[in-house]
Structure formats: C-alpha cells, structure tokens
Amino acid sequence: MAERIQITLPGGKKAEHAVGAVVGDILAGGDEKRKSRFTVAAKVNGVPVDLSHRLNADAVVEPIDAETPEGLSILRHSMSHVMAQAVQDSFPGVQVSIGPSIEDGFYYDFEYAETFTPQDLEKIEERMRQIAAADIPFERREVSREEALSLFQKKGENYKVELINDLPSEVKAVSLYAEDGYVDLCRGPHIPSTGMIRAFKLLSVAGAYWRGDERNKMLQRIYGTGFATQEALDEHLRILEEARKRDHRRLGRELDLFQLNDEAGAGLVIWHPKGALLRTIIEDWERKEHLRRGYDIVIGPQILKADLWKRSGHFDHYRENMYFTEVDEQPYGIKPMNCLSHMLIYKSKIRSYRDLPLRYFELGTVHRHEKAGVLHGLMRVRQFTQDDAHILCTPEQLNSEIRAIADFVGYAMGIFGFEYEVELSTRPENSIGSDQDWELATRALEGALKDNRMTYEVNEGDGAFYGPKIDFKLKDALKRKWQCATIQCDFTLPERFDLHYVGEDGERHRPVMLHRVILGAIERFVGVLIEHYAGAFPLWLSPVQAVVVTVTDKHIPWGEEVRKLLLEGGIRVEGDFRNEKLGYKIREAQVQKTPYMLVIGDREAASRQVSPRRRDGRNLGSIDIGSFIGLVREQCEGFK
RNA sequence: GCCGAUGUAGCUCAGACGGUAGAGCAGCUGAUUCGUAAUCAGCAGGUCAGCGGUUCGAUCCCGCUCAUCGGCUCCA
C-alpha cells in the first residue's frame, strides 16, 4: 500500500500523491499574482533529490519557480507533453519521439504521413487549451524496461521503443508519465497538473532529423513557446516582433546598404554605396588598430595552385567546401582561407628568433561553398572578408600573444558596443597532431585566459582538427549570441610547410602558428551591427552622418555651401534640397536613421549658422558650422 | 544537402472555377515655397522567378530548375 502525501500547490490548493509509485513534481509559481519565490511544503520518503537527476523515482520536490530557468524549463517541457497529447488526439496515426524544452520554448518531433499546416497548429492549440482546462495531474510511474517496451510496442510507438532499447543495460526501470490515460515515456520532472499551463503559443513546423543525424528519417518538429504568465508570453512575442523589424536583411534594403540578388548568385553580397562606406570605415579602423599592435599588413592572391592546398591538408579535409578553377591547364584552388600566402611570406627568408613573433594581417576575401540551405542574409555567405591574421612565434611567446589577442578582442567589443562570452574548445575525435602538441596548445590557450582573468566555458571535443581554439561569442542588443573572434593554435601547418627559425642556440626550431580573427567575417559583423543598433549606427560608423535639409528653395544656396564646408571638414554629409515640406524631409532622414539633420531656413541663412536636430528628436539650436564640425569630430574620436 | 512553405510593380500585399492583372507606399511630371516624422494632382511602372508539359488558350494545373523564408545537418 503506497503511503499518500498531501502537497500544497501554488495558490494554496491541495493535491494528494502516492509516495513512490506516483509522484508529481512540483512547480511553484505559475501564478500571475505571485512574484516572489514560492515554497512548496512537501517531502516524499523524506529524501531530498537533486532535480537534475531525473531518473530518481523518489523525486521530490524542491521548490521551483517558473521565473527561474529550471522552473520555466519544467513548465515548457510539460507543455510539450500536452502538445504531443493534443497532436495524437487530433491526428490519429501520429508517432511521437522526443519533446524537450529549449532556450525560448519547447518542441516535439512527430512522424506523420501528412504535413502539419498553420491551420493544424491552431487546431492543436485549441486541443491543448482543453487539456489544460481539464487540469489533469501529471503522474509518474516506474515500470520495468520490459513492461515499458511492450506498452510502446503495442501502441506502435517505434521511436519510443528504440529509445528504451538504447538505454544502457544497467538501467532496469524506466519512468512513464501519465495524464488521465495518456502515457508517454519520460524522465520528467513535470508540473503537478496541466492546469498550470496558461500562456503558450505554437510557432512553426520544421523538419528535423531523428536523433539529429542526417542519415535518419526526417520528422516534423512543432515549435512552441510558453511562459508562466500571459504578460511574459506577450513580452516574448513582442521581442520576436522587434527582432523581425531589426532583421538586417530588411534594414539592409531599407537603408540601401547592400543587396543579395539571385541573378548574381546565392550567398554573394553586392554592397551599395552606403554599405560599402560602412565596411570601409570598419576596415580603416582595423588597419589602424593592427598597425598599432605590431601587425604587418599583407595581401595574398585569390587563387593558389591546387598542389599547395594538397600540401596544407585543405584538399583532404576541406575540398567539399572549396571552389576550383584551371589556369593554363593547371588546377588552382580559390582560397577558402588566407593562411597559405602568409606561410609563403614567412618562408621567403631565413627567420631568426629575434624576428619573432611575426604577425601577418590581411583583410582576406575568401570563398567557401556553403550548402545552399545554410545561406542566410549577411550571416552566412559564400564570399566574405575576414580580418584574418596569422602569428608565428616561439612556444614561449604563445602565452603573451594569446593574451594580447584576447585584449584586442575585448577592446574591439567595447568600441563596437558589444558584450561577449568566451569558450575554449578542446581536441575533437578525428584530429591530427601529437598528444604533446595538443597538450601544449590547450594549456597555452587556457593559461592565457586564466592569466587575463577571463571567465570561460569549456567545449570538450569542439576544437578544429588541427588544434584547440578560443571562441568569442558577442551578445547583441536582443541578447542573441554570434560567433565573432576566434583564436586557433596550430602546430600542423608549420610542420607541413617545414617552417623554422634559428634559435639562440643556433639550431633550427619549429615556430607555432596562431590563426585569429577579431570581428570575424566583415559581412556577418555588419549584419550583427545592423541588428544590434537596429540600423541607427553610432555617429562614427554612420555612412551618412548629417543631412542638410532646406526649408524652401530659396535656402538652397546656403544649404549647398554648408554641405561643401562640412565635406571639407571631413563630415559624411548629404543634402536634401528637394521641393518637399520640411516635415517630409525630416521624416525621411529619420527613417534613414541619419544622426544629424541640419535645418536651413531664413534664420540660418541670415546668421550663417546651422540648426542640428538629432535623430532622437532633440534640437541643438543654432550653432556655427565650425562648432558643429568640432562636435562631430569629438564624438567620432570617442567612438560614439 | 534534407524537410516544409513561398516566389505577382522598387517595397508591402490584393486578385482571377484557366480567357495575358490591381491597391498603398516609393518613382516621374506639374502645382505649391512651406520651420522639425508623410502637401495636392496627374503620369508611368509587370515575360505574374525561369524552363518545359497539358490545353483552343497557362501567371493560375503538372514537372523540373533557380531563389527566398522557417528549421535540421554542416560551419574543418
């Protein structure tokens, strides 16, 4: 006879669960009125259990709150169960697979002969609301593997059967979750009952490989999102809408920065004047900063003989992603990376330890044959320019070089207005190179991070095949993460190209090579910048910093003169002298997110001044041209 | 590459059981000369993504291709 225990649910409601056999995991919160953490008074068998250990049957019940990440994740995961039930209720013949919570919501993967449509999603949502309204308890039951197996075999749930069969042999029992007759294989934990499900929305259907393996069958994945409260859901949907408005593909067209044209080819960016100017501003900044930090600027050719790519190992490891061509019946590879010419520069003479470190910097344009399905605006393209550098140094210099790069990244992120996170990726499965080299390189990277007192996460086995790496992920205004800077340690290429330097001892030694980028691909970085600033770039980056706006035609002569004076003063300025009302021209400049609008009317013509209006709507009153130029320069120097 | 959806004017989108298409904004022309987010009027604008098939006739139905969008896989 199972002992039964009474649990207090949020809102004071009582629920009874059997200890051991049936245990509901408790989610507190979820009640709109409760903002503070809610404590559930419940113990099961008196055993406290870590919720991360979800196979433990004697679960209990630490207070969880839907406003904490764990609580929200449990809520969403429970929603995915309810969705699965709703789908199976509405569409007979659907097989379920798995349905976890994810960063912004949840999903569940289904196999079904028909394709789910947006109308189907509404139907499923409706059924979910019914299940939620019925306030059905989630009940946990432990059964033997065999029992579970026969249950799901009988139901024809082949994916569940596969999951059970693939459990490690020492697992003797599995847990089931049931809601009023509906049973699913799951580790839990879940909310106590479906009544806590209030705020959710199904968002989209997409294909997804079973178990994430492209050799497997593709299932239909339904994505949804959910929150403890309607307000939180509304806020999330608002952020999604905001992200849509900031989409760099949309703003790129509206601000006339670039185009992606299918006549030109997929993944090939055509930069319009303003976009090209923005890029140029960034590139000029890069050159200046690299020279300041002791880098040498170099330039290599776009194509190199195929033999060279064979020697570097790219032909073996990267051929699928390379473009090839032929010149005078000789095969050539179009560069997907910039390292090779840098190696040849190093090899062009005998190097002494006194020459090291050598830092070769190239704004290198590369071509990579990315699969058609992965192309995305400026974020994933087939031709792009990296702010690439290769540093050749002695093993002893590794630490200080890596630290300097990390500092450079931090400086750059500050200048462009981003926060960032750091990840260290270690040796992958099929890597090349000796254990000793990997050890040295990994220690060097990790040591430099520690010496710089940086916090970082470790991604085991996520490094490049030739060496470990540090990745920097920047965070934009909407908290989305983007890969930008990376530092990769490489012993292989110096080996393959037989690079050496003459040491203090007069002997030949092998240098180490660091591959690194700071902003990464300029294309992607511009895309991220556009979305981060929603197109309203800081003054120093704005392709057009000011627009001269005349009130009527008779003010054009002074307007022209102002524009000329500003151009001479180094300001990126345009004139809008069209026969339109002032309000119309202000609106247009505003939509274009131009930092300054200089209104020229009777007053300004008489006093030979300008009246700047900032894009935030503030008017600065009438000031002299010289003062305005000084103002702009000062802001630009401070990267404002 | 895979699953699904989509492709109509520069942009956002209507539309016709198969009989070669519209609206707003943008553009152009004219009027207007105006003080900080949209002045009025007129005009022009389209191989309905491309190629092939079915049909008396295809932008619409079918097939292929290309591209885009949402994901998956990939990003050494």
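Just so it is clear: chains get the letters A, B, ... in the order the sequence lines come, proteins before strands, and each one is counted from 1. Fair warning: this is a prediction, and the values are worked out from it, not measured in the lab.
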Would you please confirm or rule out a distance under 4.0 Å between OP1 or OP2 of [N] and any side-chain N or O of [X]?
| X | N | answer |
| --- | --- | --- |
| A/His555 | B/U33 | no |
| A/Arg253 | B/U12 | yes |
| A/Arg613 | B/A37 | yes |
| A/Arg578 | B/C34 | no |

Atom [atom1] of [X] to atom [atom2] of [N]: distance rounded to whole Å?
| X | N | atom1 | atom2 | answer |
| --- | --- | --- | --- | --- |
| A/Met218 | B/G70 | CE | C1' | 12 Å |
| A/Arg380 | B/C72 | CZ | C1' | 13 Å |
| A/Lys554 | B/C34 | NZ | C1' | 10 Å |
| A/Phe577 | B/G35 | CZ | C1' | 16 Å |

Choose from [options] the nucleotide whose nearest atom is closest to any side-chain atom of [X].
| X | options | value |
| --- | --- | --- |
| A/Arg587 | B/U36, B/A38, B/C74 | B/A38 |
| A/Tyr584 | B/C11, B/U39, B/G35 | B/U39 |
| A/Asp262 | B/G35, B/A67, B/A38 | B/A67 |

* Asked: Does a salt bridge link A/Arg238 with A/Glu241, judged by any charged N lying under 4.0 Å from a carboxylate O?
  ->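 Answer for the salt bridge query: no.
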
By the 4.0 Å heavy-atom rule, please label [X] as base, sugar-phosphate, or nothing.
| X | value |
| --- | --- |
| A/Gln259 | nothing |
| A/Tyr223 | sugar-phosphate |
| A/Asn261 | nothing |

* **For RNA chain B, the residues among residues 203-216 of chain A that have a non-hydrogen atom under 4.0 Å from it** =>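 Going residue by residue through residues 203-216 of chain A, the ones with a heavy atom under 4.0 Å of RNA chain B turn out to be A/Ser204, A/Ala206, A/Gly207, A/Ala208, A/Tyr209, A/Gly212, A/Glu214.
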
* Do A/Arg215 and A/Tyr209 meet the cation-pi criteria used here (NZ or CZ under 6.0 Å from the six-membered ring centre, within 45° of the axis)? ->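 Cation-pi check for A/Arg215 and A/Tyr209: fails.
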
* To do: Establish, for the pair A/Lys123 and A/Phe91, whether the NZ or CZ atom is under 6.0 angstrom from the six-membered ring centre and no further than 45 degrees off its axis.
  =>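 Output yes; distance and angle both within limits.
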
* Can you tell me which stems RNA chain B forms when a stem means 3 or more consecutive Watson-Crick or G-U pairs under 3.5 Å? ->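 Looking at RNA chain B, the stems formed by three or more consecutive pairs are B:1-7 with B:66-72, B:10-13 with B:22-25, B:27-31 with B:39-43, B:49-53 with B:61-65.
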
* Asked: Taking atom types as modelled and ignoring hydrogens, do the side chains of A/Thr117 and A/Gln119 form a donor-acceptor contact shorter than 3.5 angstrom?
  ->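 Side chains of A/Thr117 and A/Gln119: pair found under 3.5 Å.
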
* Side chains of A/Glu157 and A/Gln88: do they bring a donor and an acceptor to under 3.5 Å? ->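 Judged by distance alone, the side chains do pair up.
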
